[in-house]
Amino acid sequence: MLKSRVILAMDKPLSYQVLKEMENELYGIKVGLPLVLDLGVDKTRELLIGLDVEEIIVDFKLADIGYIMKSIVERLSFANSFIAHSFIGVKGSLDELKRYLDANSKNLYLVAVMSHEGWSTLFADYIKNVIREISPKGIVVGGTKLDHITQYRRDFEKMTIVSPGMGSQGGSYGDAVCAGADYEIIGRSIYNAGNPLTALRTINKIIEDKVMKCKGAIFRKK
Ligand code: O7M
């Protein structure tokens, strides 16, 4: 059984003890650039290496030529997965990164739709073509844009969809999953809470209750 639909967005350090208490109630941890800038790579690795979560996803939203992206991810071997932008295109960039990650049994997620208001959908067709061509493990679709989640679920039936923007950015917990996402990415509402474990438990419960109610939703995969 799925232990949680929450991916903790770690953009700020939490103690190893707190993370250890949370590990059984999280699907994964997304490592943000602010965290790595605070701790450095070695301390970030030390903090995360012993944790029992399904995925450690490094989110530097890579957007560069293949050579540079490969040289970034090879320094972060503690992660299972990496997030890159899709707008950078395929040849000489995402194709090389994807080949490198495949060869090292690591996963790629591509950003499809961002959660903030100013994200433009003018390039949606182009982005979908890049996603089709690269065929990543998953895509990021903002949880503040439920129609887009449903649309992407229709277009990419088997792909993992992860959705940020829940809580602090206005998305309601559980809505992204009911619209077709697999996991909700949640940061400040957990790491800034007085008691992060209690906050996580409350959020997990809200999501599971909502998911029970939307069970019939046609776009939910699981
Ligand atoms: O819950 P929050 O708002 O504190 O954190 C949200 C996290 O999701 C934070 O780590 C952002 O970098 C990330 N995020 C967005 O907020 N919006 C996006 O469109 C995309 C991401 C993201 O995770 O992209 C991979």
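We count ligands from 1, going down the list as the structure has it; atoms in each ligand are counted the same way. Heads up: numbering here begins at 1 and tracks the sequence.
In this structure, the separation between CG on Leu2 and OH on Tyr183 is 5.0 Å, given to the nearest 0.5 Å. Between the CG atom of Asp182 and the CD1 atom of Ile149 there is a distance of 10.5 Å, given to the nearest 0.5 Å. Once rounded to the nearest 0.5 Å, the distance linking CZ of Arg201 with CD1 of Ile206 reads 14.5 Å. Rounded to the nearest 0.5 Å, atoms CD1 (Ile57) and OH (Tyr27) are 6.5 Å apart. The structure places CG of Asp38 at 10.0 Å from CG of Asp11, a figure rounded to the nearest 0.5 Å.
Inclusion of Tyr191 in the set of residues having an N or O under 3.5 Å from an N or O of ligand 1 is not warranted. Checking only distances, Ser168 never comes within under 3.5 Å of ligand 1, N or O to N or O. Considering backbone and side-chain N/O atoms, His116 never comes within less than 3.5 Å of an N/O atom of ligand 1. For ligand 1, the polar-atom distance check finds an N/O of Asp11 within less than 3.5 Å of one of the ligand's N/O atoms. Between Ile185 and ligand 1, no N or O atom pair is found at a separation short of 3.5 Å.
The aromatic rings of His85 and Phe87 sit tilted relative to each other, their planes meeting at an angle between 30° and 60°.
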message: One pair to check against side chain to side chain contact (heavy atoms under 4.5 Å, CB included): Leu47 and Thr44. What are the steps and the verdict?
response: CA-CA 5 Å; Leu47 185 61; Thr44 303; 5.7 Å; no
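Between atom 5 (O) of ligand 1 and the options Gly171, Gly187, Gly143, the minimum heavy-atom separation is to Gly187.
For atom 11 (C) of ligand 1, the closest non-hydrogen atom on the protein side is Lys30 NZ, 4.0 Å. Looking only at protein heavy atoms, the nearest one to atom 19 (O) of ligand 1 is Ser115 N, 2.7 Å.
Within ligand 1, counting atoms from 1 as listed, the ones closer than 4.0 Å to a heavy atom of Asp59 are 12 (O), 22 (C), 23 (O), 24 (O), 25 (C). Remark: ligand 1 atoms within the under-4.0 Å shell around heavy atoms of Ala9 are 7 (C), 10 (O). Close contacts between ligand 1 and Arg188 involve ligand atoms 1 (O), 2 (P), 3 (O), 4 (O) [criterion: under 4.0 Å to a heavy atom].
We find that Asp102 and Arg99 are not joined by a salt bridge, their nearest charged nitrogen and carboxylate oxygen being 4.0 Å or further apart.
Contacts between Met114 and ligand 1, counted as non-hydrogen atom pairs separated by less than 4.0 Å, involve both the backbone and the side chain.
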